[in-house]
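Within every chain, numbering begins at 1; the chains are lettered A, B, ... in the order of the sequence lines, protein sequences first and strands thereafter.
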Amino acid sequence: MKFIHLDKTHSVEKEKRDDTFQITIDEKKKYDVSEIVIQSNLISFKANGKLYHINFAIANDKQYYSVDGENFVLEKEKSKTAKTSTQQKGNTVFSQMPGLLVKVPVSVGDKVKSGKILAIVEAMKMQNELPAPSNGIVKKINFKEGEQVDAKQVIVELEIKK
Amino acid sequence: MFRKILVANRGEIAIRVAKACKELGISTVGIFSNVDKTSSHLLFMDETVWIGESAPNASYLNIDAIIDAAKKTNSEAIHPGYGFLAENELFASACEDAGINFIGPNSKSLTLVGDKIASRNTVKKLGVPIIPGMEMTSTDISKFKMMAKKVGYPVMVKASMGGGGKGMRVVHNENELEKSVAAGQREAKSSFGDDSIYLEKYIEQPHHIEFQVLRDKFGNCVHLYERECSVQRRHQKIIEETPSPVLNDGLRQMMGEAAKKIINASHYTTAGTVEFLLDKNKNFYFLEVNARIQVEHPITEMVTGVDLVKQQILIAAGEKLKLKQEQISQNGHAIEARIYAEDADNDFLPSPGKILYLNEPSGPGIRVDTGIYQGWNVPPHYDPILSKLIVWAENRKSSLPRISNALKNYILLGLKTNIGYLRRIVNTENFIAGKYNTHFIEENEKKLKPTNENLDIALLAAVLDKGKEKLSLTTETSIKSNPWTEIGKWEICKNGE
């Protein structure tokens, strides 16, 4: 099985041996896992002799785990959203977070320079300014000011002159 | 005493205020916007009133709707909590006009102390040191440029109204100034409904230390010691503790007396906070007065044993302060960590969403002021604060492992929070040693990065929790034995047997 954690893919292979699982992570790290107990949002097991109690939750494509006070969000590799990069692509400007589109200070046809603020998204009283990734012409604006946008939704599309 | 209070807020602070009302035998009225129809603060209210659409301007900042709600429910007083309209003199005066008691200072003294510029000018006359800067707000960029040149860069651009770091920006040179002024105005407008901003000298490597004060309508005034609030991200506090590791008794007394002097001069009645900056040579400067109950008020309650919200209500009801300065002391040590819906490892970006699993810590010396529940959708419209974890212990040394463990046991899954980050903070060498200032976050950036050392364990759990192996190795726990069925017949003892 393959899981994505912060844009990195990790392989996890599981093999059953007598009363334990042997699990190999990233083809090199091996763990002997036994004494597995699952109860609603809690999984307990022994890995290489150490006991763990891990709370988890699963929704849509994402799986959430709390291990020793730190949360980990994993996605199965096949899910589509996982493949969207968190970096701004060459010709689009997208929201980094769910929020309210408060300002789009450009119009279709405007010539913009790299770094020019093309949109401002506000969530939880914080404003996130989204700059143009390169020089170009505003080709399309997908939302109106005052509309709600989701994380990773494209707000402005640019035409880049080569 | 009031019979009914309208709580003009949401989230954890609305709940905190409602609990204080209940203990005083006062019934409560809650308000909610569209998106808050199923929010937990409503569970603590005897009556609830819808006040508008989800956007803050249409709801929690909507003065007319809130006054109407208070009139409709015959509320005698309004508690504004913090944020929103807590320090808005228009709101206080609308309450006065409607014959409703505003739990806070009156509109006249709010204009004086809520407005940072006005309070700077008042404080200067009292002989308490202030930071050099503008004596009035402006929209004229040339005035900002002129003052910045006079006091020298770096400078700080600040919103005159409100607090919590909103609309505040450090500017290092003239090139950045114009952009920062514009951004500061925008943020001030959206946060406080007022875009007045000003500029002052930026004090480097400061401690942010504030004093809690209570003053009644008869002029009786006490301070309840300090809160050290130097751990800040984006000028917003995230961890506070009391006593401060840097104050000695002499300085503590001096600052406490200065705080009282400022509050007395403003004829300010209610619970309030006087904020100071302490520079590296331990000179203190007046920063601002916060005319509200503060987010971090619980740590003061833990070490002094005084319920500040109850005191605030009693003062508003016209009661005389029973506390005397000499009766108030700091007992033990308290630390608060603010739990935010934000991605602390990605520039603190807001992270609204659904809480899939929640288990909050409890135990000796642990207090959680919470406004959330499992299954609730955290909306994107308001402040990212979810709850506050407060611990108390007999001294600072014992409070450190207590907060670290409590954060470890604070489990919230489904959206990004800063819980892991807060735990990394309290475990840094600098925090443990009590050696930090407001630059703590920048200076410890590398140490505060997640190590991902337990990523493997999460991956192990991820391949095991599917139960696809049909639990050949797993045992679904169930209660196999039940003492009530195994012991046999029971009978309640009769008297005397």
Side-chain angles (χ1 to χ4, degrees), chain A residues 1 3 5-6 10 12-14 16 19-21 23 25-26 29 31 33-41 43 45 47 50 52 54-59 62-74 76 86 96-100 102-103 120 122-129 148 151, chain B residues 55-56 166 183 186-187 190-191 234 340-343 345-354 356-357 359 380-384 404 407-414 416-417 419-420 423 450-465 467 469 471-477:
Chain A
M1 270 173 129
F3 294 98
H5 175 255
L6 298 176
H10 299 274
V12 189
E13 297 307 326
K14 181 169 64 172
K16 197 179 158 187
D19 60 345
T20 62
F21 278 122
I23 299 175
I25 293 173
D26 293 336
K29 291 175 278 180
Y31 291 90
V33 181
S34 59
E35 296 176 36
I36 305 154
V37 180
I38 302 174
Q39 191 175 209
S40 70
N41 287 84
I43 178 166
F45 55 81
K50 199 176 165 196
Y52 293 94
I54 296 166
N55 281 107
F56 68 94
I58 299 172
K62 287 183 179 158
Q63 301 175 222
Y64 303 83
Y65 299 89
S66 167
V67 187
D68 195 29
E70 293 282 350
N71 283 6
F72 297 90
V73 186
L74 305 179
K76 288 241 186 72
T86 52
Q96 308 269 4
M97 59 190 187
L100 185 76
V102 288
K103 213 169 171 70
I120 300 171
E122 185 179 293
M124 296 174 152
K125 298 271 150 210
M126 191 201 148
Q127 294 191 337
N128 192 210
E129 297 181 336
Q148 205 72 31
Chain B
K166 305 272 162 65
R186 220 172 33 233
E187 216 170 283
S190 85
S191 297
R234 264 198 254 112
Y340 286 125
E342 66 183 17
D343 189 352
D345 303 320
N346 182 18
D347 211 16
F348 305 101
L349 275 183
S351 170
K354 188 171 180 175
L356 299 174
Y357 180 80
N359 196 356
H381 306 81
Y382 314 110
D383 197 89
S404 176
L407 284 165
K408 180 181 160 180
N409 294 326
Y410 201 131
I411 309 204
L412 195 164
L413 299 174
K416 297 271 173 72
T417 72
I419 297 173
R423 182 151 177 259
T451 60
N452 289 333
E453 64 172 11
N454 279 317
L455 174 61
D456 280 4
I457 305 304
L459 290 165
L460 293 180
V463 287
L464 293 169
D465 65 16
E469 306 302 315
L471 307 178
S472 57
L473 286 172
T474 67
T475 44
E476 278 278 7
T477 50

Novice: Non-hydrogen atoms of chain A under 4.5 Å away: do they reach the side chain of B:Ala55, the backbone, both or neither?
Specialist: neither

Novice: With distance as the sole test, does B:Arg234 use its side chain to make a donor-acceptor pair with the main-chain N or O of A:Met126 at under 3.5 Å?
Specialist: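 Flag not set: sc B:Arg234 to bb A:Met126 has no pair under 3.5 Å.
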
Novice: Pick from A:Pro98, A:Gly99, A:Ala151: which one has the most heavy-atom pairs with chain B under 4.5 Å?
Specialist: A:Pro98

Novice: Tell me every residue that passes side chain to side chain donor-acceptor pair (under 3.5 Å) with B:Arg186, counting only those two or more places apart in sequence or in another chain.
Specialist: A:Gln127, A:Glu129

Novice: Can you say whether A:Val102 sits under 4.5 Å from chain B via the side chain, the backbone, both, or neither, judging by heavy atoms?
Specialist: neither

Novice: Would you mind telling me which of A:Ile54, A:Ile120, A:Asn41 has the largest number of heavy-atom pairs within less than 4.5 Å of chain B?
Specialist: A:Asn41

Novice: Is A:Phe56 in contact with chain B via its backbone, its side chain, both, or neither, using a 4.5 Å heavy-atom distance?
Specialist: both

Novice: With only heavy atoms counted, which part of A:Leu100 is less than 4.5 Å from chain B, the side chain, the backbone, both or neither?
Specialist: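 Contact with chain B is absent: no heavy atom of A:Leu100 under 4.5 Å.
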
Novice: Less than 4.5 Å to any heavy atom of chain A: does that hold for the side chain of B:Lys416, its backbone, both, or neither?
Specialist: side chain

Novice: Mark yes or no for whether A:Asn128, through its side chain, and B:Leu349, through its backbone, hold a donor-acceptor pair below 3.5 Å.
Specialist: no

Novice: Given heavy-atom pairs under 4.5 angstrom as the criterion, report whether the side chain, backbone, both or neither of B:Asn346 touches chain A.
Specialist: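 Neither part.
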
Novice: Is a side-chain N or O of B:Arg423 found less than 3.5 angstrom from the main chain of B:Leu407, in a donor-acceptor match?
Specialist: no

Novice: Sort B:Tyr410 into side chain, backbone, both or neither according to what part of it lies under 4.5 angstrom from a heavy atom of chain A.
Specialist: neither

Novice: Can you tell which of B:Ser190, B:Gly414, B:Pro56, B:Pro450 has the highest number of heavy-atom pairs within less than 4.5 Å of chain A?
Specialist: B:Gly414

Novice: With A:Lys16 as the cation and A:Phe21 as the aromatic partner, state whether NZ or CZ is under 6.0 Å from the six-membered ring centre and within 45° of the axis.
Specialist: no

Novice: Run the side-chain contact (heavy atoms from CB on, under 4.5 Å) check on B:Lys408 and A:Asp68 step by step: do they pass?
Specialist: CA-CA 6 Å; B:Lys408 180 181 160 180; A:Asp68 195 29; 3.0 Å; yes

Novice: Would you tell me whether A:Asn55 and A:Tyr65 have side-chain atoms, one donor and one acceptor, within less than 3.5 Å of each other?
Specialist: no

Novice: For A:Gln148, is it the side chain, the backbone, both or neither that has a heavy atom under 4.5 Å from a heavy atom of chain B?
Specialist: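 For A:Gln148, the contact with chain B is made by the side chain alone.
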
Novice: How far apart are the closest heavy atoms of B:Ala462 and A:Leu74, and which atoms are they?
Specialist: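 Looks like CB-CD1, 3.7 Å.
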
Novice: For B:Ser351, which atoms come within 4.5 Å of any heavy atom of chain A: side chain, backbone, both, or neither?
Specialist: backbone

Novice: Is it true that a side-chain atom of A:Lys14 and a backbone atom of B:Val463 form a donor plus acceptor pair closer than 3.5 Å?
Specialist: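 Between the backbone of B:Val463 and the side chain of A:Lys14 there is a qualifying donor-acceptor contact (under 3.5 Å).
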
Novice: As an exercise: rank A:Glu122, A:Met97, A:Lys29, A:Glu70 by heavy-atom pairs under 4.5 Å with chain B and give me the winner.
Specialist: A:Glu70

